[in-house]
Number of protein chains: 2
Amino acid sequence: MLDRIDLQLLRLLQQDGRLSTVELAQQVGLSASPCARRLKRLEGEGHIQGYRAILAREKLGLGITVFVNVRLSQHKEALVEAFEQAVSAMGELISCHTVSGTYDYLLEVVVPDLPAYEQWVRRLQSLAMVNDINSHFAIRAVKVMGPLPI
Amino acid sequence: MLDRIDLQLLRLLQQDGRLSTVELAQQVGLSASPCARRLKRLEGEGHIQGYRAILAREKLGLGITVFVNVRLSQHKEALVEAFEQAVSAMGELISCHTVSGTYDYLLEVVVPDLPAYEQWVRRLQSLAMVNDINSHFAIRAVKVMGPLPI
DNA sequence: CGTGAAAAGATACACAA
DNA sequence: TTGTGTATCTTTTCACG
């Protein structure tokens, strides 16, 4: 499905999402048109889901990152869906996975300050199916949004 | 520092990092040149750290995401730095924070399969200053890399 | 996959408001 | 600071070898 060159293109675009077809072409040792063809294919097949600017959290006043473990009181389909829909709609939540172990979910929340976090937790607690919440504050980021290992 | 329009630009670029100056301009109700100036400023001041393509993990054979809690045996400056440098160099690690609570670190690791994860854990365990490791597998992603709330 | 050419689009800059 | 206009450069697209 994907050959060396495709992977190279993906790697390059993961580093710099604004590289043009021409720039990519010379970096992978191709000419522009086959490179453009590959690009379109990679996008069309969904290997590339999109492009985005990476913003500086702290500079934007988003100094607090919190990892939050959540356990639900029940696991009825309807409640699970309601929970996921509710948290997905929260802008402060940038990541949410169901996980193995003691808790059901691991959330990552980004807020400007502690009062904002308290407010957010209140909203989370107000969800009826939420049984237990355990917060871990990020003290320092060692590595953030690293590139996928491809 | 940042006015409404700047924030709008950042929001738009967070959704689509390939929008051109002209497209951005009409979306925020500006003409091209002031929009380009703002863009350059936002990039120059570091509000925009870069641009990248968002890739589909599963399609690329990276089906396993694991959240790993790590506790060190000591917290001497040198050991801490050695640990952080070692894990930062691991491609499978896409995120690493020091966190409050029982553990010192929370890592996010992406690998193709369980054998690859076992291998990775072995490498982690081989670091002398690592005292305790606790893995939580991501069973399902509810929300991944959501936009920052700006 | 490569080449070449044509068309479209983007950027940069000077100047006016 | 923004808007307009222009000139330049780049990119994209496509037909064909």
Side-chain angles (χ1 to χ4, degrees), chain A residues 1-63 91 112 145-150, chain B residues 1-62 112 145-150:
Chain A
M1 292 223 359
L2 297 182
D3 62 14
R4 300 284 177 309
I5 295 183
D6 289 323
L7 290 176
Q8 251 185 294
L9 291 174
L10 293 176
R11 262 191 291 270
L12 289 166
L13 285 171
Q14 205 177 191
Q15 289 180 352
D16 182 355
R18 300 204 89 161
L19 288 172
S20 69
T21 313
V22 180
E23 289 170 313
L24 287 167
Q26 45 199 41
Q27 292 227 41
V28 302
L30 232 57
S31 62
S33 28
C35 185
R37 280 193 281 266
R38 281 168 183 267
L39 233 329
K40 276 190 70 175
R41 190 170 57 80
L42 291 170
E43 290 170 353
E45 290 174 346
H47 290 105
I48 299 175
Q49 297 184 328
Y51 301 88
R52 69 185 337 184
I54 305 303
L55 307 183
R57 298 186 190 191
E58 321 74 35
K59 287 216 160 204
L60 295 168
L62 297 170
M145 301 243 292
L148 294 181
I150 59 174
Chain B
M1 293 221 3
L2 297 182
D3 62 15
R4 300 288 176 304
I5 295 183
D6 289 323
L7 290 176
Q8 251 186 291
L9 291 174
L10 293 176
R11 263 190 291 271
L12 289 166
L13 285 170
Q14 206 177 189
Q15 289 179 352
D16 181 355
R18 299 204 91 160
L19 289 172
S20 70
T21 313
V22 179
E23 288 169 314
L24 287 167
Q26 45 199 39
Q27 293 227 40
V28 302
L30 234 55
S31 62
S33 25
C35 184
R37 278 193 283 267
R38 282 168 183 266
L39 233 334
K40 275 191 70 173
R41 188 170 59 79
L42 291 171
E43 290 171 352
E45 290 174 346
H47 289 105
I48 299 175
Q49 297 185 327
Y51 301 87
R52 69 190 329 187
I54 306 303
L55 307 183
R57 298 187 190 189
E58 321 73 36
K59 287 215 158 204
L60 295 168
L62 297 170
M145 302 244 292
L148 294 180
I150 59 173

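Protein chains get the first letters and strands the later ones, always in sequence-line order, with residue 1 at the start of each.
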What is the distance, to the nearest angstrom, from the CD atom on B:E23 to the P atom on D:dT12?
12 Å
Please tell me if the side chains of A:R38 and A:L30 come closer than 4.5 Å, counting only heavy atoms from C-beta onward.
yes
Side chain B:Q14, main chain B:L148, donor-acceptor under 3.5 Å
yes
Measure from CG on B:L39 to P on C:dA12 and round the result to the nearest Å.
10 Å
For D:dT12, does either OP1 or OP2 sit under 4.0 Å from a side-chain N or O belonging to A:T21?
yes
Atom CG of B:L30 and atom C1' of D:dT4: how far apart are they, to the nearest Å?
13 Å
Starting at atom CZ of A:R37, determine the distance to atom C1' of D:dC16, rounded to an integer number of angstrom.
11 Å
Base, sugar-phosphate alone, or nothing: which one does A:S20 contact when heavy atoms must sit under 4.0 Å apart?
sugar-phosphate
Atom CG of B:L24 and atom P of C:dG9 are separated, to the nearest Å, by 16 Å
Distance check needed: D:dT1 P versus B:L9 CG, whole Å only.
14 Å
Is B:R38 touching bases, backbone alone, or none of the nucleic acid, heavy atoms closer than 4.0 Å?
sugar-phosphate
For the residue pair B:H47 and B:M1, establish whether any side-chain heavy-atom pair is separated by less than 4.5 Å.
yes
Can you tell me how far C1' of D:dT1 sits from CG of B:L2, to the nearest Å?
16 Å
For DNA chain C, whose closest nucleotide is more 5', that of A:R18 or that of A:S33?
A:S33
Can you tell if the side chain of B:I48 reaches within under 4.5 Å of the side chain of A:L55, non-hydrogen atoms only?
yes
